[in-house]
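Worth saying up front: this structure is predicted, and the values here are computed from it rather than measured.
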Amino acid sequence: MDAQSYNAALADLRTVRDDIKKTQAALAKLEAARDKQVARLAAYDKAKAERIAPAAGLSLAEVVDRAPALAPQSLAAPTAPAPEPTAPTGPEPGTATAADAAPQPHVPQPAAPPAPDPADGVPQPVTSTAAPATSAAPNRPEAESVREDEPRTLPSIPDGEAGDVWFTHTKNLASTRPNFTQQARSTVFLDTITGVLVHRNQTHRLDLGTRSAADLLNAVFGVLPEGAERIYITAGAPWHRDADRHPYLRDAVAAWLNAPTPGWRTDTGRGRDRMAGHFVHARHPVARYLRDDESAHVEIRSMGEWFALEPGDDPATARDAFVLLWQALRRHWDDAVVMGSPSQTGRDLWTRTIPARGQYSDGYPVLSEDLRGLLHATAGQGRNELLAPPRVPEMLPQLVEYDRTFAYAKHTWKSPVGTPRRITGRQFAAWSEKEQTRALYGCGHWHIRATVPDTWDHVGLLPAPAPGDRAWHYPAAPGTIFTTWAGGPEVHTALTNPLAPWKIEVLDGLLWEDGKPLDDWGKKLKEAWSNLSAQAHFQQDVQQARAAHLASRAVRAILLYGIGSFAQRPRMVTGTTPRTQERDVPADAEIIGFDDELITWQKPTGFSRDPNAHPEWAAAIWSGARAALLTQRHRADDTYAGALHAAPGTVIAFRTDALYLTQPQAWPYHQQPGDYLKKGHLTGPLTAPTTEEQLLALRDAGRAALTPAPTTAGA
């Protein structure tokens, strides 16, 4: 074979690759349609798997897997009472052995679209939980594949020296106070529906053409010769313009981001900017472009990253909100700059609170990669759970929503610092009750075996691994035994809750010194939020009151997403490469699209060398917030609030920092972080929701039915 035939064969191979990609996409679409039709047929009360299977080209097992309601009665789970728990003879489900315990936090899963970052505070999907089955899983050979409906196994710390080496910090990596002044970027606000552009005190009306990225860039730079470095889209979501032509919304966004932009190319980053390239997100993407002559860099971002705008909010209102936000932050930080996203802003502001002198003046060291991996795998975010019949009545007398105001700000006063100590189960058991209590009150992360009391009739208290990537559920069936990891606040709540103490066996754990690395940062943000909330309440000008309210929501986002950014979960960055330069596609990238001119790819961004990676801080706050959803003391009122202080059977759902109940509660509300605010009330009878969509529909109806109180401005 000569060079000419070799190149010709390569071209033919690329054509085959493209055809395979297109065929796979078409096949996936057809399979999704088939599965949807199977589920629809299963809703028929006389449907039988034996008839559906040949029609769908599936086996009986495959049909039942897609529609569990079609399972033959002889194979259904037993409904007998749960057997008495017996002493385990081997590892509990969810417990890893020393041989396979090391977590793998950095292995990307490019086939699945990246989930909203929790870490960025985006709520996770609600998991519907009906009455749990009580049958035990049979033993199976190790070589047999794990079923998709089986809980995933959480990692544990290896025994001996293999685990001891985890308890250190990453060399030459620490969070330090910056020695530079952050530079502000010229920012404009654009409504892509009306074409209204606001830049400082100027207002323009633009012709945006087809609303492609190229049209937006040309229109903005056409009226602003000096250009802009950041364009916030306040309305219109232009990246969704061709949504009906793509099977998934994210695909439509990727196509919009990577469409040709004559005169511009994808910005690959410069200086301190690590977030180079486009970021594909179904609702809040980030587009980064560089002019061909490199005279201008510009970002196009969604205003929804900061706060939710309503139809009556114009770009000028968004601009005013940003001005008020900047002014509020400047009262506490002389060098405060509003950056592109809440997480970037929150992280930057926090670094400027690192003490200039004292114990951590040299910075807060970053944990070893092994410990960070363990925390990523074993520390969940907000609790999101929907309790479906028969755990709750099929008809609800009413639905009341209580939301914890600025909830995470309540839990920033204490955080773990330094290198953690390993506390083995044997060591913990040898401690006195006082020492154990002190440890659980401290900053710890515990590997435990929990037993639900035989008389338990309320909600679950501790997160346990559920099927799915990073999914959690909350076992509540009497007598259930499960192994999991949990933070000190949750373990302490399980042991001291007002109903019945749970049996907790500590198997292993991490225990840090108590510190206050986030306290100053949190206090300043709480004060900024409080001041803006007061402005929203007392401001007579309607637009300024609205702007102040939006600014208070932005402060909330800064803290919420700032906390999430400490977790530093892997992200995906998207880029494009001309077809003529195919060999320049990064070796670790996945090709996700292509056309005649460009190849679109995505790759995970690593975080192992990020100096602000502190998952132990995010995990501690999330654990405290989940515990406060169950029980929270109001010292000034000498009373308690939370799910455990509502009657059994009245809790319908948890959603990050909100509770949904069937009975109103007389919980105190003083407009302080962590207080329970009544945000919605819908009278019944109502059909109990069984899906997240149904819950959200009832939530929205309840909020609309409840007359807004003056205190809601800063909630």
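With a 4.5 Å cut-off on side-chain heavy atoms, R449 and I481 count as touching. Using a 4.5 Å heavy-atom threshold, the side chains of D508 and F428 count as separate. Two residues are said to be in side-chain contact when any heavy atoms from C-beta on lie closer than 4.5 Å; L518 and I621 meet this criterion. Here the side chains of L173 and P611 are in contact, with some heavy-atom distance below 4.5 Å. Two residues are said to be in side-chain contact when any heavy atoms from C-beta on lie closer than 4.5 Å; H634 and D675 meet this criterion. At least one side-chain heavy atom of T483 sits under 4.5 Å from a side-chain heavy atom of H447. Within the 4.5 Å cutoff, the side chain of L559 has heavy atoms near those of the W521 side chain. With a 4.5 Å cut-off on side-chain heavy atoms, W617 and P416 count as touching.
The backbone N or O of M339 lies less than 3.5 Å from a partner atom in the side chain of T345, making a donor-acceptor pair. A side-chain donor-acceptor contact under 3.5 Å links S368 to the backbone of W166. For the pair W306 (side chain) and G340 (backbone), a donor-acceptor distance under 3.5 Å is present. With S623 contributing its side chain and A619 its backbone, the two residues share no donor-acceptor pair below 3.5 Å. Within the 3.5 Å criterion, the main-chain N or O of P342 finds no donor-acceptor partner in the side chain of Q344. Checked by atom type and distance alone, the side chain of T168 never pairs as donor or acceptor with a backbone atom of V165 at under 3.5 Å. Looking only at distances, a side-chain donor or acceptor of T484 sits under 3.5 Å from a matching main-chain atom of P463. No donor-acceptor distance shorter than 3.5 angstrom exists from the side chain of R421 to the backbone of L511, with no hydrogens or angles considered. Under the 3.5 Å distance criterion, the side-chain polar atoms of D403 are left unmatched by any main-chain donor or acceptor of L677.
No more than 12 heavy-atom neighbours from other residues, nucleotides or ligands sit within 6.0 angstrom of CD on E513. By the 6.0 Å contact criterion, CH2 on W413 is open, its count of non-hydrogen atoms from other residues, nucleotides or ligands being 12 or less. Remark: K523 NZ is loosely packed, at most 12 non-hydrogen atoms of other residues, nucleotides or ligands lying under 6.0 Å away.
Summarising the geometry, atom OG1 belonging to T480 is positioned 8.0 Å from atom CH2 belonging to W502; distances are rounded to the nearest 0.5 Å. Taken to the nearest 0.5 Å, the CH2 atom of W446 stands 14.0 Å off from the CG atom of L462. For the atom pair NZ (K526) and NE2 (H332), the distance works out to 12.0 Å, reported to the nearest 0.5 Å. Going from atom CG of D610 over to atom CZ of R347 covers 6.5 Å, rounded to the nearest 0.5 Å. We find the CG-CD1 distance between L371 and I157 to be 7.0 Å, quoted to the nearest 0.5 Å. Rounding to the nearest 0.5 angstrom, the gap separating the CG atom in L367 from the CG atom in L510 is 8.5 Å.
In summary, R556 and D657 engage in a salt bridge, as defined by a charged side-chain N under 4.0 Å from a carboxylate O. Using a 4.0 Å cut-off between charged nitrogen and carboxylate oxygen, R422 and D159 count as a salt-bridge pair. Salt bridge absent: E401 and R699 never bring a charged side-chain N and a carboxylate O closer than 4.0 Å.
For V491 against A486, the heavy-atom pair with the smallest separation is CG2-CB, 3.9 Å. The two residues G674 and Q632 have their closest heavy-atom pair at O-NE2, 3.0 Å. Contact detail for T378 and W472: the closest heavy-atom pair is O-CH2, 3.5 Å. Residues T351 and T176 share a closest heavy-atom pair of CB-O, 4.1 Å. Between A476 and H458, the shortest heavy-atom contact is CB-O, 3.6 Å. What you find for A625 and H411 is that their closest heavy atoms are CA-NE2, 3.6 Å.
Ring-plane geometry between Y360 and Y364 is classed as parallel, the angle between the planes falling under 30 degrees on a 0 to 90 degree scale with a further cut at 60. The aromatic rings of W529 and F406 lie tilted to each other, with the angle between the two planes from 30° to 60°. Ring geometry for W485 against H445 counts as parallel: the plane angle stays under 30°, on a 0 to 90° scale with 60° as the upper cut. Note on ring orientation: taking the six-membered ring where Trp is involved, the planes of F307 and F322 are perpendicular (angle over 60°, cut-offs 30° and 60°).
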Given the rule in the side-chain contact (heavy atoms from CB on, under 4.5 Å) test, do V253 and H281 qualify, once you have shown the distances and angles that lead to the verdict?
-> CA-CA 7 Å; V253 172; H281 188 278; over 6 Å; no
Which is it for S565 and N612 under the side-chain contact (heavy atoms from CB on, under 4.5 Å) test, yes or no, and what are the steps along the way?
-> CA-CA 8 Å; S565 72; N612 295 319; over 6 Å; no
Trace of the side-chain contact (heavy atoms from CB on, under 4.5 Å) decision for V555 with L532 = CA-CA 9 Å; V555 174; L532 289 167; 3.6 Å; yes
Check against side-chain contact (heavy atoms from CB on, under 4.5 Å), F279 and L257 = CA-CA 9 Å; F279 176 63; L257 291 172; over 6 Å; no
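Checking each of R655, E490, R626 against R383 for a side chain to side chain contact (heavy atoms under 4.5 Å, CB included) leaves exactly one that passes, namely R626.
Pairs passing the salt bridge (charged side-chain N to carboxylate O under 4.0 Å, His left out) check and including a residue from residues 351-362, sequence neighbours excluded, read D335-R352, D348-R352.
Under the rule for a salt bridge (Lys or Arg N to Asp or Glu O under 4.0 Å), the partners of R301 that lie at least two apart in sequence or sit in another chain are E299, E305.
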